[in-house]
2 protein chains.
Amino acid sequence: MPNKDHGNKTKRVHEPGVHGRIWIDGPDGVFIGHGRVVLLERIREHGSITQAAKSMEMAYRHAWDLVDSMNRQAVEPFVVVATGGRGGGGAQVTEAGEKAIKLFWKLQEDFRKFLEKEQRALLKKYLVPIDGKKKQKKW
Amino acid sequence: MPNKDHGNKTKRVHEPGVHGRIWIDGPDGVFIGHGRVVLLERIREHGSITQAAKSMEMAYRHAWDLVDSMNRQAVEPFVVVATGGRGGGGAQVTEAGEKAIKLFWKLQEDFRKFLEKEQRALLKKYLVPIDGKKKQKKW
DNA sequence: TTTCGTTATTCCCTCAGATATATTACGCTT
DNA sequence: AAGCGTAATATATCTGAGGGAATAACGAAA
């Protein structure tokens with residue numbers, strides 16, 4: 001499987017500059033993060049954990065663990081599941097889950113702005129390459 | 001090796017809340033990050049890569065790779081090394097390296113403030129546990 | 001020229017995280 | 001009651017990052 005470029009699997013080499021990750025921890029470690037939120041959106045889109053996982057080339061086992069982790073840490077579950085029944089069952093994102101999605105993307109957007117600000121500060125103080133080549137950075 | 005708790009090796013479980021990591025990428029991937037800056041400080045303190053690595057229980061191989069990565073990406077090296085000679089040689093942090101250290105800690109401090117701000121915003125909008133027990137979070 | 005402790009380099013091992021595979025449980029629909 | 005596709009769960013496998021150990025290169029000092 002050559003050169004997949006979704007999710008955060010492949011070794012991504014960022015552009016030179018300030019980068020970071022941000023997430024929310026709960027009582028039991030990671031609670032809400034980028035991958036989890038994307039997973040929630042995929043579940044909303046596909047109506048099942050299986051299809052959601054497949055759509056982002058994530059192992060079902062991993063997806064299930066993430067959903068379980070979020071549901072155990074949240075007071076109100078983010079995802080409700082049905083086993084058996086027509087189509088074998090399925091999964092739905094709850095209102096609480098939707099709020100978590102919105103909350104995280106808001107946080108992410110703030111973070112993006114923060115990084116941009118720091119990046120500008122960096123550019124002002126130190127000479128960072130603008131032209132293509134891997135050019136000077138003066139420290 | 002039971003329960004080491006230095007560096008960032010052991011699985012650290014954070015307190016509930018907003019967390020993150022931040023770093024600076026160069027032309028060849030990660031350039032300056034927390035571990036690298038701590039390593040620089042240890043090199044300054046001990047005068048050798050070997051001792052610096054030992055002091056933070058990092059494999060020499062890994063420490064050397066980090067130093068090499070920084071030196072290759074920086075216009076002026078962050079560390080100058082001497083092989084052989086009295087005492088076998090040693091390593092010294094350059095002025096450029098010192099500037100990088102200062103720069104990163106400044107960035108880190110800004111980031112800490114950002115996280116605190118977001119944490120406060122989170123607390124204002126949603127009820128997050130204050131009393132000890134793993135109590136309610138209302139979403 | 002011998003000594004010494006460090007840098008530099010190579011090879012193999014370990015371990016955690018994720019993946020892959022397989023099996024069972026489930027319950028609506030027909 | 002049989003079929004179906006999913007959830008749920010257990011087990012085995014893969015993989016990549018880092019660690020450990022071993023060795024060579026180095027060069028000033030004695």
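Throughout, protein chains are lettered first and strands after them, A, B, ... in sequence-line order, and every chain is numbered starting at 1. Atom set for the values below is all heavy atoms of this structure, side chains included, hydrogens, waters and symmetry mates excluded. What you are looking at is a predicted structure, and each value in this text was computed from that prediction instead of being measured.
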Gap between atoms CD1 and P, on B:Ile43 and C:dT6 respectively (whole Å): 13 Å
Closest to the side chain of A:Arg86, out of C:dT6, C:dT29, C:dA8, is C:dT29
CZ on A:Arg21 to NE2 on A:His34, rounded to 0.5 Å: 8.0 Å
The side chain of A:Met58 is closest to which nucleotide in this list: C:dT6, D:dA7, C:dT19? C:dT19
Is the distance from OP1 or OP2 of D:dG5 to the nearest side-chain N or O of A:Thr50 less than 4.0 Å? no
Nucleotide D:dG18, atom C1' - distance to CD of B:Glu57 in whole Å: 14 Å
For A:Leu107, is there any backbone N or O sitting under 3.5 Å from a side-chain donor or acceptor partner on B:Glu118? no
Interatomic distance, A:Tyr60 atom OH to A:Met58 atom CE [nearest 0.5 angstrom]: 13.0 Å
Taking the minimum atom-to-atom distance to the side chain of A:Trp64, which one of D:dT9, D:dT6, C:dA8 wins? D:dT9
Between A:His62 and B:Thr83, the residue closer to the 5' end of DNA chain C by nearest nucleotide is B:Thr83
Measure from CG on B:Leu66 to P on D:dA17 and round the result to the nearest Å. 13 Å
What is the separation between atom CG on A:Asp65 and atom P on C:dG17, rounded to the nearest whole Å? 12 Å
Using whole Å, what does the distance between atom P of nucleotide C:dC26 and atom CD1 of A:Ile49 come to? 17 Å
If you take the centroid of each ring, where Trp contributes its six-membered ring, are A:Phe111 and B:Phe111 closer together than 6.0 Å? yes
Euclidean distance, atom NE2 of residue A:His46 to atom P of D:dG5 [Å, nearest integer]: 17 Å
State yes or no: do A:Leu39 and A:Val80 share one hydrophobic cluster built from I, L, V, M, F, W and Y residues joined by side-chain heavy-atom distances below 4.5 Å, directly or via other members? no
Just the rounded figure in Å: distance from C1' of C:dA18 to CG of A:Leu39. 15 Å
Please figure out whether A:Arg61 or A:Gly90 has its closest DNA chain D nucleotide nearer the 5' end. A:Gly90
For B:Met56 and D:dG18, what is the distance between atoms CE and P respectively, to the nearest whole Å? 12 Å
